[in-house]
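Before any comments, here is the structure.
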Amino acid sequence: MSERQGIARLTRVAVPPSGGGMMPPLKPPPPKPGHRGLIPQTGIAKLTPKAAAVDEAARELRTVMGRFATGVTVVTTAHRNTIHGMTANAFMSVSLRPPLVLVSLGRCRMGEILPRTKRYGVSVLAHDQKHLAAHFAAQKPSPTPPEFTFHNDVPLLEGALAHLVCHVVDVHTAGDHELWIGEIEHLDERDGEPLLFYTGKFGTVRPV
């Protein structure tokens, strides 16, 4: 399957898309002694009751959706000899005929690059690739550099349980996210234990 391996440069998405319970949120720095609550900066108004209610509803939705166990993927594309990748669990199949999938992206670097490349890869992570999920969520650098294989110049992570290569056929705005629908050009898979995400934690399957 592999056409070539390795690439000169690699980027990670600096800010994971918001919502959906995708990854554990980064912890804010501890408050300074004597500091109570958030002090608005100059020129920034305090949250209105309505805005606070909206934020609370968003947090509640994130918590509830965290009860929906999902697999973990890394979405990748290449632009100007640089690989761009991000961790996502908002990924699903859409259609069998034609073969379509979608990935839901918030405001992120990937959403800026896909209009240029118009193609993306999806790597479904195995249970021993937790370090790559954290790496491409910009939470913790991987102790070893990610390794890639390529199909028609689209990067895919080595060792993943499944690979899909897609070209973008449609984009739909849905609230604060965009749904990137891709038609599958190539896919492959292997046996193994998946990496799962549930209530903000990683895990894998066990017999019921």
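What you see is a predicted model; the values in this text were computed from it and never measured.
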Under 3.5 Å donor-acceptor, [X] side chain and [Y] backbone:
X	Y	value
Thr76	Pro155	yes
Thr87	Val74	no
Arg119	Asn152	yes
Thr73	Ala88	yes
His163	Leu157	yes
Tyr120	Val154	no

Point to revise | Working for side chain to side chain contact (heavy atoms under 4.5 Å, CB included), residues Trp180 and Leu102 | key: CA-CA 5 Å; Trp180 293 82; Leu102 75 76; over 6 Å; no

So, using side chain to side chain contact (heavy atoms under 4.5 Å, CB included) as the criterion, who are the partners of [X] when residues are at least two apart?
X	result
Thr144	His131, Ser142
Arg97	none
Thr204	His127, Glu193, Pro194
Leu100	Val94, Ser95, Pro98, Val169, Ile181, Glu183

Taking the side chain as every heavy atom from C-beta outward, state whether [X] and [Y] have any pair of such atoms under 4.5 Å apart.
X	Y	answer
Pro146	Phe136	yes
Met86	Leu105	yes
His186	Leu164	no

Roughly how far, to the nearest 0.5 Å, is [atom2] of [Y] from [atom1] of [X]?
X	Y	atom1	atom2	value
Asn89	Thr70	CG	OG1	3.5 Å
Thr117	Arg80	OG1	CZ	12.0 Å
His135	Gln139	NE2	CD	12.0 Å
Leu114	Arg109	CG	CZ	11.0 Å

Considering non-hydrogen atoms only, spot the tightest contact between [X] and [Y] and give its length.
X	Y	result
Val72	Ala133	CG1-CB, 3.9 Å
Cys166	Val101	SG-CG2, 3.6 Å
Asp170	His172	OD2-NE2, 3.1 Å
Ala126	Gly159	CB-O, 4.0 Å
Arg59	Glu56	NH2-OE1, 2.9 Å
Met110	His84	CE-O, 3.4 Å

Review point. Within a reach of under 6.0 Å around CZ of Arg67, are more than 12 heavy atoms found that belong to other residues, nucleotides or ligands?
Key: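 Incorrect, the count does not exceed 12.
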
Check your understanding: Are there more than 12 heavy atoms of other residues, nucleotides or ligands under 6.0 Å from atom CZ of Arg190?
Key ->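 Result for CZ/Arg190: enclosed.
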
Review point. Using a side-chain heavy atom cutoff under 4.5 Å and only I, L, V, M, F, W and Y, what cluster partners does Tyr198 have?
Key: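 For Tyr198, no cluster forms, as it stays isolated from other hydrophobic side chains.
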
Check your understanding: Remaining members of Val64's ILVMFWY cluster at a side-chain heavy-atom cut-off under 4.5 Å?
Key ->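 When side chains under 4.5 Å apart are linked, Val64 ends up in no cluster with other residues.
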
Review point. Should Phe91 and Leu179 be counted in the same cluster of Ile, Leu, Val, Met, Phe, Trp and Tyr side chains packed under 4.5 Å apart?
Key: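 Different clusters: Phe91 never reaches Leu179 through Ile, Leu, Val, Met, Phe, Trp or Tyr contacts under 4.5 Å.
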
Check your understanding: Is it true that Val75 and Val168 fall in one hydrophobic cluster, defined by side-chain heavy atoms closer than 4.5 Å?
Key ->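 Yes; tracing contacts between hydrophobic side chains, which count when under 4.5 Å, links both residues.
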
Check your understanding: Hey, which of Leu156, Asp188, Ile184 is the one that makes side-chain contact (heavy atoms from CB on, under 4.5 Å) with Val165?
Key ->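 With Val165 as partner, side-chain contact (heavy atoms from CB on, under 4.5 Å) holds for just one option, Leu156.
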
Exercise for review: Might you work through the side chain to side chain contact (heavy atoms under 4.5 Å, CB included) test for His167 and Glu185, ending with a clear yes or no?
Suggested key: CA-CA 7 Å; His167 64 272; Glu185 301 175 355; 3.1 Å; yes

